[in-house]
2 protein chains.
Amino acid sequence: MYNACRMKLSITEENYLKAIFKLSERDNKAVSTNAIARQMQTSAASVTDMLKRLSEKKLLKYTKYKGVTLSEKGGKLSTNLVRKHRLWEVFLVDKLNFRWDEVHEIAEQLEHIDSPDLVNRLDAFLNHPKFDPHGDPIPSADGKFTLRSQQILTEVDHKLPVLVVGVREHSVAFLRHLDELDIHLGQQLEILERYDYDDSIRVRVGDHQQMISSKVARNIFVKINPS
Amino acid sequence: MYNACRMKLSITEENYLKAIFKLSERDNKAVSTNAIARQMQTSAASVTDMLKRLSEKKLLKYTKYKGVTLSEKGGKLSTNLVRKHRLWEVFLVDKLNFRWDEVHEIAEQLEHIDSPDLVNRLDAFLNHPKFDPHGDPIPSADGKFTLRSQQILTEVDHKLPVLVVGVREHSVAFLRHLDELDIHLGQQLEILERYDYDDSIRVRVGDHQQMISSKVARNIFVKINPS
DNA sequence: AATTATTTTTAGGCCAATCTAAAAATATAT
DNA sequence: ATATATTTTTAGATTGGCCTAAAAATAATT
Ligand SMILES: [Mn+2]
Ligand SMILES: [Mn+2]
Ligand SMILES: [Mn+2]
Ligand SMILES: [Mn+2]
């Protein structure tokens with residue numbers, strides 16, 4: 001990963017790359033100027049400005065009025081940023097005992113630290129984690145993501161015991177709410193009842209039962225528990 | 001420390017503060033524009049520019065043509081930067097197994113991460129170290145440095161067993177040279193002979209003997225070994 | 001197809017941080 | 001004390017990253 005992307009970018013440039021990566025990882029289609037502006041909380045004019053510069057540096061393919069797609073270089077660079085972000089989040093939670101709702105902001109800063117050696121040693125120190133504290137996959141040094149079969153909690157069958165493996169929403173409010181519901185990664189759940197009226201569900205959480213609103217349930221990733 | 005210095009500075013501003021702190025910690029006298037320019041590897045004109053801005057922010061007292069001294073706020077801010085820098089160096093060496101000559105550059109980046117909570121947790125994680133991998137004192141959260149009686153190796157008496165506690169020079173070349181000489185923090189030494197011709201000395205290093213040039217010896221801090 | 005709405009780009013300006021060259025202040029030497 | 005050298009500041013320009021307002025391109029409606 002590193003050999004292909006050895007160039008010093010500004011923090012701003014890195015953040016643009018990351019934003020574009022995030023916006024294109026779903027459908028893999030070209031990303032619009034406005035979408036980037038929304039993601040970066042900035043004006044469309046500033047985005048156009050930056051797209052020209054990043055295009056100049058061959059980090060993305062930019063066609064006027066047609067949006068952008070990351071180049072191979074740009075893709076590798078962003079993947080590495082994601083890798084660093086998630087590894088630092090693991091560090092903060094596992095080693096410094098931060099809660100999962102506190103780490104994102106700090107990782108946003110730490111991800112810009114530039115030292116391949118540091119990242120790899122951190123990775124080793126953390127025992128090569130495959131997922132971050134929110135269940136998101138950590139790309140390996142050569143940019144590969146671990147795939148995992150998962151479903152949204154609302155879409156899983158009745159009575160099947162499942163394991164919470166991730167969250168689709170990362171806001172502090174949501175994460176703290178899950179804490180209050182005793183729902184965390186690795187937690188075993190089982191849907192006991194569905195209520196059509198508001199799409200809420202009743203689940204078994206460990207040894208007690210719990211009502212979960214549809215708004216919460218649709219942001220929880222689970223996998224079928226093979227035990 | 002934190003209450004008094006809660007303001008977001010740019011990395012550049014932080015680096016200027018640190019440079020001024022370093023230049024004034026010896027004699028505590030006003031620091032000249034040129035000295036700062038030299039330290040920061042920039043032009044005197046740029047320095048004057050920045051001094052005005054830092055003065056505006058009440059981080060230092062600036063009198064035209066007379067140099068600057070840090071204000072209380074500026075002092076606390078720089079001390080906190082030093083604290084972060086040195087704590088991260090301990091982390092890199094103790095936890096990630098970096099060598100002492102590899103950590104400075106990375107710590108130069110990490111010291112700018114802004115999160116009081118992170119620093120304090122890191123401090124706890126490292127068991128509140130009092131000195132960094134080069135033997136430099138780590139200021140406490142309220143800005144106090146641990147004092148230590150120490151002497152330069154060249155100035156210690158014959159036949160007195162001493163302990164290496166720090167280095168006065170931090171270059172990679174010097175640190176790696178010490179590695180080759182088997183000299184590290186905590187190492188016991190004893191001056192066996194002084195040679196007037198080139199001021200070199202013969203020392204006992206652990207169980208063997210070693211010649212040490214004056215250039216090396218004058219950059220090693222030791223303390224009298226009370227064992 | 002023509003009009004209207006939306007998206008995107010351009011134009012022009014601002015601010016922080018840098019530079020070089022010239023002017024001004026201070027220090028040193030004769 | 002005067003001349004010379006050094007240090008420091010000012011002046012003016014540049015670059016990255018941002019802004020608003022206006023123009024241009026594209027998309028959606030009628
Ligand atoms: Mn995050
Ligand atoms: Mn995460
Ligand atoms: Mn250092
Ligand atoms: Mn150090």
Side-chain angles (χ1 to χ4, degrees), chain A residues 7-21 23-24 27 29-70 73-74 77-78 81 108-109 111-112 114, chain B residues 7-21 23-24 27 29-70 73-74 77-78 81 108-109 111-112 114:
Chain A
M7 65 190 316
K8 36 199 170 312
L9 299 181
S10 72
I11 290 180
T12 308
E13 288 172 317
E14 290 194 341
N15 283 336
Y16 270 95
L17 283 183
K18 216 170 40 121
I20 296 163
F21 179 81
L23 291 168
S24 57
D27 37 19
K29 292 204 64 185
V31 179
S32 78
T33 302
N34 261 6
I36 298 168
R38 209 177 309 119
Q39 179 78 24
M40 294 284 295
Q41 309 248 65
T42 187
S43 71
S46 301
V47 173
T48 302
D49 226 52
M50 179 59 87
L51 293 185
K52 285 176 187 165
R53 242 171 307 132
L54 293 177
S55 173
E56 199 66 39
K57 294 188 180 182
K58 304 288 180 200
L59 295 169
L60 43 79
K61 189 157 57 68
Y62 169 51
T63 324
K64 264 188 181 179
Y65 294 101
K66 298 298 178 187
V68 290
T69 52
L70 289 179
K73 230 203 251 179
L77 234 359
S78 352
L81 284 166
E108 285 288 309
Q109 296 181 60
E111 73 192 4
H112 300 291
D114 178 32
Chain B
M7 64 188 321
K8 35 201 170 317
L9 299 182
S10 71
I11 289 179
T12 308
E13 288 172 318
E14 291 194 341
N15 283 335
Y16 271 95
L17 283 183
K18 217 170 38 120
I20 297 163
F21 179 81
L23 291 168
S24 56
D27 38 19
K29 292 203 66 185
V31 178
S32 77
T33 301
N34 260 6
I36 299 168
R38 208 175 312 117
Q39 179 78 23
M40 295 283 297
Q41 309 247 65
T42 187
S43 71
S46 301
V47 173
T48 303
D49 226 54
M50 178 60 87
L51 292 184
K52 286 177 186 165
R53 243 172 304 132
L54 293 177
S55 173
E56 198 66 38
K57 294 189 179 181
K58 305 287 179 199
L59 296 169
L60 44 80
K61 190 158 58 67
Y62 169 52
T63 324
K64 263 189 184 180
Y65 294 100
K66 297 297 177 188
V68 289
T69 52
L70 290 178
K73 230 203 254 179
L77 235 358
S78 351
L81 284 167
E108 285 289 309
Q109 296 182 58
E111 74 192 2
H112 300 291
D114 177 31

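Proteins come first, then strands; the chains are lettered A, B, ... in the order of their sequence lines, and each starts at number 1.
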* Structure fact -> Rounded to the nearest 0.5 Å, the CG atom of Leu59(A) sits from the OH atom of Tyr16(A) at a distance of 14.0 Å
* Asked: Does dA16(C) have OP1 or OP2 sitting under 4.0 Å from an N or O in the side chain of Tyr16(B)?
  -> no
Using the 3.5 Å cut-off, write out each protein N or O paired with an N or O of nucleotides 4-8 of chain C and the distance between them.
{"unit_1": "dT8(C)", "atom_1": "OP2", "unit_2": "Asn34(A)", "atom_2": "N", "d": "2.8"}

* Asked: Do you know which two heavy atoms are closest between Ser78(A) and Leu70(A), and how far apart they sit?
  -> OG-CD1, 3.4 Å
* Structure fact -> Interatomic distance, CD1@Ile36(A) vs CG@Leu51(A), rounded to 0.5 Å, equals 4.5 Å
* Structure fact -> NE2 of His112(A) to CG of Asn15(A), rounded to nearest 0.5 Å, is 4.0 Å
* Asked: Given atom CG of Leu54(B) and atom C1' of dA16(C), what is their separation to the nearest angstrom?
  -> 12 Å
* Structure fact -> From CE of Met50(B) across to P of dA16(C) the rounded distance in Å is 10 Å
* **Interatomic distance where CD belongs to Glu56(B) and P belongs to dA16(C) [whole Å]** => 11 Å
* Structure fact -> Taken to the nearest whole Å, CD1/Ile11(B) to P/dG17(D) is 13 Å
* Do any side-chain nitrogens or oxygens of Ser43(A) fall under 4.0 Å of OP1 or OP2 in dT20(D)? -> no
* Of Lys8(A), Lys52(A), Lys57(A), the residue whose pairing with Glu13(A) passes salt bridge (Lys or Arg N to Asp or Glu O under 4.0 Å) -> Lys57(A)
* Asked: Is Ser46(B) near enough to dC19(C) that one of its side-chain N or O atoms lies under 4.0 angstrom from OP1 or OP2?
  -> yes
* Closest heavy-atom contact between Ala44(A) and Thr33(A)? -> O-CG2, 3.6 Å
* To do: For Glu14(B) and Leu77(B), run side chain to side chain contact (heavy atoms under 4.5 Å, CB included): C-alpha distance rounded to whole Å, both residues' side-chain angles, the deciding distance at 0.1 Å, then the answer.
  => CA-CA 8 Å; Glu14(B) 291 194 341; Leu77(B) 235 358; 5.6 Å; no
* **Atom-to-atom span, CG of Leu51(A) to P of dG16(D) - whole angstrom** => 15 Å
* **For atom NZ of Lys8(A) and atom C1' of dT15(D), their distance in whole Å** => 16 Å
* To do: Grab the CD1-C1' distance between Ile36(B) and dT9(D) for me, whole Å please.
  => 14 Å
* **Whole angstrom value for the distance that separates C1' of dT18(C) from NZ of Lys52(B)** => 14 Å
